[in-house]
Each structure stands twice: as structure tokens, then as C-alpha cells.
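Fair warning: this is a prediction, and the values are worked out from it, not measured in the lab. To find a chain, count down the sequence lines: A is the first, B the second, and so on, and within it residues start at 1.
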Protein chains: 2
Amino acid sequence: MSPNAHDRLTIGELAARSGLATSALRYYEELGLIHSERTAGGQRRYKRATLRRVAFIRAAQQVGLTLDEARAALAELPAERTPNATEWAQVARAWQRRIDAQIADLERLRTRLTGCIGCGCLSLTRCRLYNPADTAAQSGPGARYLLEGAPPEQS
Amino acid sequence: MSPNAHDRLTIGELAARSGLATSALRYYEELGLIHSERTAGGQRRYKRATLRRVAFIRAAQQVGLTLDEARAALAELPAERTPNATEWAQVARAWQRRIDAQIADLERLRTRLTGCIGCGCLSLTRCRLYNPADTAAQSGPGARYLLEGAPPEQS
DNA sequence: GCTTGACTTCAAGCGAGCTTGAAGTTGCAC
DNA sequence: GTGCAACTTCAAGCTCGCTTGAAGTCAAGC
């Protein structure tokens with residue numbers, strides 16, 4: 001087989017291999033997350049490296065990044081070649097901190113919940129679920145809405 | 001002071017004490033999450049218990065429930081009185097399972113990330129971040145987009 | 001050369017969870 | 001009894017991450 005025949009991916013191929021819809025890929029391209037070349041007829045052709053970029057974007061979303069943040073993260077990695085250990089480690093460690101923060105938030109919530117099971121109170125003045133001493137950090141999706149601004153002491 | 005003067009809350013008071021915008025409270029009411037009585041002039045007046053309901057909704061969101069799910073959870077608790085230990089324990093334990101699942105997901109992701117730090121590969125054929133053996137559960141916001149449908153082996 | 005499926009663009013829509021704005025009314029303090 | 005902030009409804013708008021549809025073009029197998 002010709003080595004060039006499979007050198008570039010059509011959007012359908014990229015979709016099949018990345019598990020995303022073609023519409024999503026066009027959307028990513030519109031946002032500048034991925035790039036393509038065009039055939040004479042105007043169809044998109046993607047480099048193999050785009051497959052890696054797309055996988056990276058999916059991973060970033062799992063970590064809780066928006067597509068905008070994913071683009072910023074991608075900008076710190078080389079566009080065409082595989083990132084080296086140092087480059088990747090930097091990104092991975094930042095992601096780990098994020099994940100750790102998300103886990104910490106969830107654990108704090110679980111602790112509060114556990115404390116409440118026994119009492120059955122849901123008392124506004126006493127329940128720790130309603131009156132967390134700490135203002136949980138706004139890290140990651142799923143932790144957007146927090147119990148900051150808890151109701152004040154009430155007679 | 002008259003004991004009835006502060007018996008009901010205006011929407012502004014409820015907003016101030018719950019930390020939500022009045023627009024959000026009207027929206028919740030439209031969705032049937034909270035309820036109000038009206039003055040002769042048509043203004044909303046909330047029972048004190050609504051404060052508890054709103055706090056519950058916020059807590060539910062933190063656990064990753066949609067407003068629709070929060071409404072379902074509220075339906076299992078008494079509308080007007082403080083829930084008793086048994087009633088609350090049922091809800092709290094369900095939430096704990098949810099939180100545990102979310103934490104487990106995040107920890108799996110972190111483990112994969114850790115394995116990748118050393119190699120710096122981001123190789124599509126080898127990297128565990130791109131080729132997770134498991135299909136992470138779709139539990140909670142922030143875990144919506146997963147690496148299912150990872151790219152197949154490539155020469 | 002023709003058919004057919006994969007592609008193209010552009011505009012609109014969706015769903016969740018609200019916010020904003022306009023235009024009008026109410027309630028309370030002085 | 002008046003002034004003004006706080007309330008009312010209704011419609012539209014917004015963000016995020018896409019999907020859907022219409023109308024048309026390209027690429028490749030027979």
C-alpha cells in the first residue's frame with residue numbers, strides 16, 4: 001500500500017478513532033483546539049498528531065477543564081511532536097493538583113454528610129452541612145455551587 | 001416585637017439568607033422546588049422551612065444532582081417539618097454513595113496520570129491515560145466526558 | 001461517467017441553570 | 001399620604017458544549 005494513502009485522516013476517520021462526533025471535531029477546530037489542512041476540494045485532512053490532541057482534550061475535560069482551558073494547556077505542549085517527559089510532567093502535575101483539590105472537596109462534603117446522618121437534624125443553626133465553617137474552593141465542575149453564604153444564626 | 005412580623009420571609013430576605021439571587025429563587029419556585037404564599041398584593045412570602053429547603057438544594061447540587069433530581073430527593077423528605085433521623089439517613093447515605101463514586105473516579109484518573117508522568121509518552125498505543133482499560137462511570141458532573149472509545153491500535 | 005456516501009457551510013436549536021431588562025405594582029417608613 | 005426600595009410578570013438572553021438540518025459539493029468504487 002502507498003505510505004501516503006493513510007497519511008492523513010478524514011474527519012470521519014478521526015471521529016471513528018477518537019470516539020467523537022464529526023460535529024464535535026468541527027467545533028473544536030472552530031475554537032482553535034485542532035487544525036486541519038484542506039484537499040483541493042475543500043475537505044479537511046488531519047495529521048496523525050491530531051488524534052493525540054483530541055485524546056488530550058478529552059482527558060483535560062475529565063480533569064474538569066473547559067475547552068478554553070484545554071486550549072491553553074495544549075498551547076504549552078509542542079503542536080506537532082510527542083511531548084517529552086519534562087513537558088508532559090508539568091501538565092500532569094498541574095492536573096493532579098486539580099484532581100486532588102476536587103477529591104478534597106468531595107471528602108469534606110462527605111464528612112459533613114456523615115456527621116449529619118446520626119442527628120437527622122437539618123437544623124439551620126446546628127447542622128454542619130448547612131453551616132460549613134469553611135468556604136469550599138470553587139475547583140472543578142461539580143463543585144460550582146457551594147454552601148457559602150450560609151444562613152446566619154436564627155432564634 | 002410581634003412574633004408574626006418575622007414569621008414569613010420576603011424573597012429578598014430569603015435571598016440574603018440563602019446566598020442565592022432572587023431570580024434563582026423565582027426560578028426554583030417555577031420548577032416546583034420551593035413554594036410560597038402570596039400577600040394580598042401578590043408578593044411572595046416564604047415559610048422559614050423554605051430556608052432549609054433551599055440549603056438542601058444547594059447541598060444536592062454539590063453532590064452533583066440536577067435540580068430535577070434535587071426535587072425528587074426533596075419529595076422524599078417531609079415538606080414542612082424537619083426530617084427525622086431515619087428519613088434523613090436514607091437521603092444522606094444515597095448521597096454518600098454518589099460522593100464515593102465520584103471520588104473513586106477521580107482517583108482512578110489520578111492514578112493513570114501518575115503512571116504517565118514518568119514516561120512522557122502520550123503515546124496512543126501505550127499510554128494508559130489514552131487507553132484506560134475501564135470505562136469510567138458517568139457519575140456526577142465533571143465526569144461527563146470520558147475516554148471511552150479510545151483509538152484502536154495503530155501501526 | 002455515474003452513483004453514493006462522505007464531506008462542506010451556515011444557521012438554528014438544545015438543555016441546564018440561571019440573569020437581565022422592561023414596565024408596572026406593593027409595602028413600609030416617615 | 002407620599003416617596004422609594006423592593007417587589008411583580010414576562011420575554012429574552014447568556015454560557016458551555018455541542019447536535020441537527022438544509023442545501024449543496026467532493027471522492028471514490030463500479
Side-chain angles (χ1 to χ4, degrees), chain A residues 1-2 4-34 36-46 54 57-72 138 140-146 149, chain B residues 1-2 4-34 36-46 54 57-72 138 140-146 149:
Chain A
M1 60 175 109
S2 131
N4 288 338
H6 291 169
D7 202 32
R8 307 282 158 167
L9 301 169
T10 66
I11 195 168
E13 287 163 347
L14 185 57
R17 311 198 72 178
S18 67
L20 287 172
T22 56
S23 56
L25 294 171
R26 285 196 200 93
Y27 180 64
Y28 288 175
E29 193 170 333
E30 195 186 334
L31 295 186
L33 286 157
I34 58 175
S36 64
E37 295 152 2
R38 298 302 182 110
T39 63
Q43 297 197 353
R44 288 171 178 82
R45 289 298 180 269
Y46 294 99
V54 170
I57 294 163
R58 300 264 270 161
Q61 285 184 312
Q62 250 194 112
V63 178
L65 301 187
T66 63
L67 289 180
D68 229 51
E69 291 169 320
R71 181 175 40 197
Q138 279 195 316
R144 273 185 294 258
Y145 308 98
L146 303 163
Chain B
M1 59 175 103
S2 133
N4 289 338
H6 291 169
D7 203 34
R8 308 282 159 170
L9 300 168
T10 66
I11 195 168
E13 286 162 349
L14 185 58
R17 310 196 72 181
S18 67
L20 287 173
T22 57
S23 56
L25 294 172
R26 287 195 199 94
Y27 179 64
Y28 288 175
E29 194 170 332
E30 196 186 333
L31 294 187
L33 286 157
I34 58 175
S36 64
E37 293 151 4
R38 298 301 183 110
T39 62
Q43 296 196 356
R44 288 171 179 82
R45 289 299 181 269
Y46 294 99
V54 171
I57 294 163
R58 300 264 270 161
Q61 285 185 310
Q62 251 195 109
V63 179
L65 301 188
T66 63
L67 289 181
D68 229 51
E69 291 168 320
R71 180 175 41 196
Q138 280 195 317
R144 272 184 296 256
Y145 307 98
L146 302 164

Measure from the side-chain heavy atoms of [X] and tell me the nearest of [options].
{"X": "A/R45", "options": "D/dC7, D/dA27, C/dG17", "result": "D/dA27"}
{"X": "B/T10", "options": "C/dT8, C/dC18, D/dC7", "result": "D/dC7"}
{"X": "B/L67", "options": "D/dG17, C/dG17, D/dT20", "result": "C/dG17"}
{"X": "A/Q43", "options": "C/dT8, D/dG17, D/dC7", "result": "C/dT8"}

(Q) Counting C-beta onward and ignoring hydrogens, is there a side-chain heavy-atom pair between B/Y46 and B/R44 closer than 4.5 Å? (A) yes
Just the rounded figure in Å: distance from [atom2] of [N] to [atom1] of [X].
{"X": "B/I57", "N": "C/dG17", "atom1": "CD1", "atom2": "C1'", "value": "13 Å"}
{"X": "B/E13", "N": "C/dC28", "atom1": "CD", "atom2": "C1'", "value": "12 Å"}
{"X": "B/D68", "N": "C/dG17", "atom1": "CG", "atom2": "P", "value": "8 Å"}
{"X": "A/R26", "N": "C/dA11", "atom1": "CZ", "atom2": "P", "value": "16 Å"}
{"X": "A/I11", "N": "D/dT25", "atom1": "CD1", "atom2": "C1'", "value": "15 Å"}
{"X": "A/Q62", "N": "D/dG17", "atom1": "CD", "atom2": "P", "value": "15 Å"}
{"X": "A/I34", "N": "D/dG17", "atom1": "CD1", "atom2": "C1'", "value": "14 Å"}
{"X": "B/R38", "N": "D/dA6", "atom1": "CZ", "atom2": "P", "value": "19 Å"}

Q) B/T66 or B/A40: which one's nearest nucleotide on DNA chain C is closer to the 5' end? A) B/T66
Q: Evaluate the salt bridge (Lys or Arg N to Asp or Glu O under 4.0 Å) criterion for residues A/R8 and A/E13: first the C-alpha distance (whole Å), next the side-chain angles of each, then the deciding distance (0.1 Å), finally the verdict.
A: CA-CA 9 Å; A/R8 307 282 158 167; A/E13 287 163 347; over 6 Å; no
Considering just the side-chain nitrogens and oxygens of [X], establish if one lies under 4.0 Å of OP1 or OP2 belonging to [N].
{"X": "A/Y28", "N": "D/dC18", "value": "yes"}
{"X": "A/Y27", "N": "D/dC16", "value": "no"}
{"X": "B/R44", "N": "D/dT8", "value": "yes"}

Q.
Within the 4.0 Å heavy-atom criterion, would you say A/T22 contacts the bases, only the backbone, or no part of the nucleic acid?
A. nothing
Q: Give a yes or no on whether the backbone of A/R58 and the side-chain of A/Q61 come within a donor-acceptor separation of less than 3.5 Å.
A: no
Q: Would you confirm whether A/R71, through its side chain, and A/L31, through its main-chain N or O, come within 3.5 Å as a donor-acceptor pair?
A: yes
Q. If you measure only the distance, is there a donor-acceptor pair under 3.5 Å linking the side chains of B/T10 and B/Q43?
A. no
